[in-house]
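Heads up, the thing below is written out as structure tokens.
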Amino acid sequence: MAVTGDAQGPGRLPGPGLLPAAWPLRAASMLRDPSAALTRMARRHGGVCTWNPQDPRHVFVFSPDRLREVFSRPDLFVVDSFREFQTPPGSSFDRLGAGLTRLNGAEHRRHRQIMQPPLRQQRVLGHREAVVELTERELRRWRDRPLVRLDQRMSALITEIAVRTVFGVESPERADRLRRLVSRFLAQASSPATLALQRDLPGTPYRRTMRLAEEIEATIREIMAERRRQGTEGPDLLSAMLTARDEHAPALTDDEIVSEAYTAFCHESSASALTWTLFLLDQHPKVLADLREELDGVLGGRPPDEEDLPKLELLQAVLKESLRLLPPTPLSMRYAAEECELGGYRIPAGATVFYSPYVTHRNAAVFPQAARFDPGRWRTARPTVYEYLPFGAGPHHCVGRHFALLEITIVLSMLLQRHRLSLVPGTRIDRANRMALVPRDGMPMRVLSPSSAAPAPHVRGDIRTSIDLS
Ligand code: HEM
């Protein structure tokens, strides 16, 4: 599929021009499976389009040239997470959403100046040992287990890693508590029932969301107080925030630290990337065999250290290809701060401007046979940042990118040297957009010996429309 478009000249954005009666159907299909709905939109209406050309309040930008425009004008295309919610100012709900993903301009730069240094490539290597230790602990739990729910196990492991590296806390119980609170909070917050009645009334989902936010904030503040009592020295992100003193970037207030700690804690994207990568490897036994050979040759059973990382070339290509086909953040958005023009089309003030790495990564002009899982393409593929953007682009690109790549590489290389994971035969795999792109009903995997030559199990479900598994 070519993602081009823009050929219709200035004026009205292209789009389906639906009769009002078709709107509920369109909205339902978008809510059910945004990746499929957006792929159809791009195919039919091109690289910049809308649902409703008469009233283009929702604009979809897929083409790299137009994405360049969006990301290069952050003063015009602004972020505003939690915008759909009426979060009472000063509430915990409001504070949890007030981190980098809601900030723009000078305030955004000030927070990034504090958040970025501890997440630079060289600095995140300091977390290698913690990631190795926690992965080792997780894999020990798999001994003698014939089956694992891979998505759940990856999410649990990644949360433990986040608790240790974001908060500097070593406590599986606390990791588990925070994980449960955050996942209940996000599920509640994104439920249509919460959005429909945004009043703090007894028994409403909105009130439950508010209370969960309060519990999360209280837990973060408890950890902050504990860290201050014990001394704040450490490689974790919280220490960096608590000790940040710089004439260019004044320290964050406690309220701001709560917001940023919460934002950085949500690592579900890494769990999603791990789950999908292991699924793709199971479906492509030849790639898996080549990868095992690379791991045996470079690591010989050990976890990777700093010098090994650049030698794991196939592993890096597998990961890039997995993030291309099944990006953990398949859809994100900006808002037009004022009326403007994009690609010759008029965008009204306040319009929601969506971008979708999932759709943009399927541009056959950049990625031939785009639906095929082919790590070999990365020997020559050199896409621009607007053609391949699993970590976003522009000033809001993922600040945790180096950390994510490190943790995923370590977990994958340790896991693949010990086990072959193979989907339970007959399992249906459908996509769902939750905190990240996840298998809707989970990913049950058989735990086999690493040398098992089990063939790729047949898989049913809408995942077959994401990847060419023929
Ligand atoms: C494979 C794993 C990950 C993927 C695919 C991913 C993807 C992304 C994307 C696409 C964005 C930009 C969203 C937008 O444009 O609206 C983003 C932003 C962000 N990510 Fe990640 N992320 C990952 C892991 C992480 C980790 C581990 C952390 C924390 C250490 C993190 C922290 C953040 C933060 C704080 C932002 C907001 C940056 C800003 O607005 O300035 N991410 N991420």
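Counting starts at 1 for both ligands and their atoms, in listed order.
Atom 13 (C) of ligand 1 has Y355 OH, 3.7 Å as its closest protein atom, hydrogens excluded (heavy atom only). Scanning the protein for heavy atoms near atom 7 (C) of ligand 1, the closest one is P390 O, 3.5 Å. Looking only at heavy atoms of the protein, atom 39 (C) of ligand 1 is closest to H396 ND1, 3.3 Å. Atom 30 (C) of ligand 1 has as its closest protein heavy atom H267 NE2, 3.5 Å. Of all protein heavy atoms, the one closest to atom 16 (O) of ligand 1 is S332 OG, 2.6 Å. Counting only heavy atoms of the protein, atom 37 (C) of ligand 1 lies nearest to T101 CG2, 3.7 Å.
Salt bridge status for E222 with R174: present, with a side-chain N to carboxylate O gap under 4.0 Å. Comment: E133 engages R137 in a salt bridge, judged by a side-chain N to carboxylate O separation of less than 4.0 angstrom.
Contact annotation: R334 has at least one heavy atom less than 4.0 Å from an atom of ligand 1.
For ligand 1, none of its N or O atoms has an N or O atom of T263 under 3.5 Å away. For ligand 1, the polar-atom distance check against E407 finds no nitrogen or oxygen pair separated by under 3.5 Å.
Panel note: side chain E260, backbone I257; no donor-acceptor pair is recorded below 3.5 Å.
Within 6.0 Å of CD in Q369 there are 12 or fewer heavy atoms belonging to other residues, nucleotides or ligands.
R227 is linked by a salt bridge (charged side-chain N to carboxylate O under 4.0 Å, His left out) to D236, counting only residues two or more places apart in sequence or in another chain. Shown here are the salt bridge (charged side-chain N to carboxylate O under 4.0 Å, His left out) partners of E69, two or more places apart in sequence or in another chain: R66, R73.
Cation-pi geometry between R334 and Y355 is not met: the NZ or CZ atom fails to fall both under 6.0 Å from the ring centre and inside 45° of the normal.
Looking only at side-chain heavy atoms (C-beta outward), N433 and P330 come within less than 4.5 Å of each other. At least one side-chain heavy atom of R377 sits under 4.5 Å from a side-chain heavy atom of F367.
The two residues A156 and R179 have their closest heavy-atom pair at CA-NE, 3.8 Å.
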Output a table of donor-acceptor pairs, distance under 3.5 Å, between side-chain atoms of residues 121-131 and any protein atom two or more places apart or on a different chain; print 'none' if there are none.
residue : atom : partner : partner atom : Å
H127    : NE2  : P235    : O            : 3.4
R128    : NH1  : P304    : O            : 2.6

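Of all the heavy atoms of H108, the ones lying under 4.0 Å from any atom of ligand 1 belong exclusively to the side chain. Contacts of R112 with ligand 1, taken as heavy-atom pairs under 4.0 Å, involve the side chain alone. Residue contacts with ligand 1, taken as heavy atom pairs separated by less than 4.0 Å, do not involve V166 at all.
Rounding to the nearest 0.5 angstrom, the gap separating the CZ atom in F373 from the CG atom in D468 is 13.0 Å.
Each of L295, D308, V298, I408 was checked for a side-chain contact (heavy atoms from CB on, under 4.5 Å) with S413, and the lone residue meeting it is L295.
Of the listed residues (A264, S322, A162), the one carrying the non-hydrogen atom nearest atom 29 (C) of ligand 1 is A264.
Close contacts between ligand 1 and S270 involve ligand atoms 2 (C), 27 (C) [criterion: under 4.0 Å to a heavy atom]. Near I408, meaning under 4.0 Å from any of its heavy atoms, are these atoms of ligand 1: 1 (C).
Distances shorter than 2.8 Å separate atom 21 (Fe) of ligand 1 from the protein N/O/S atoms C398 SG.
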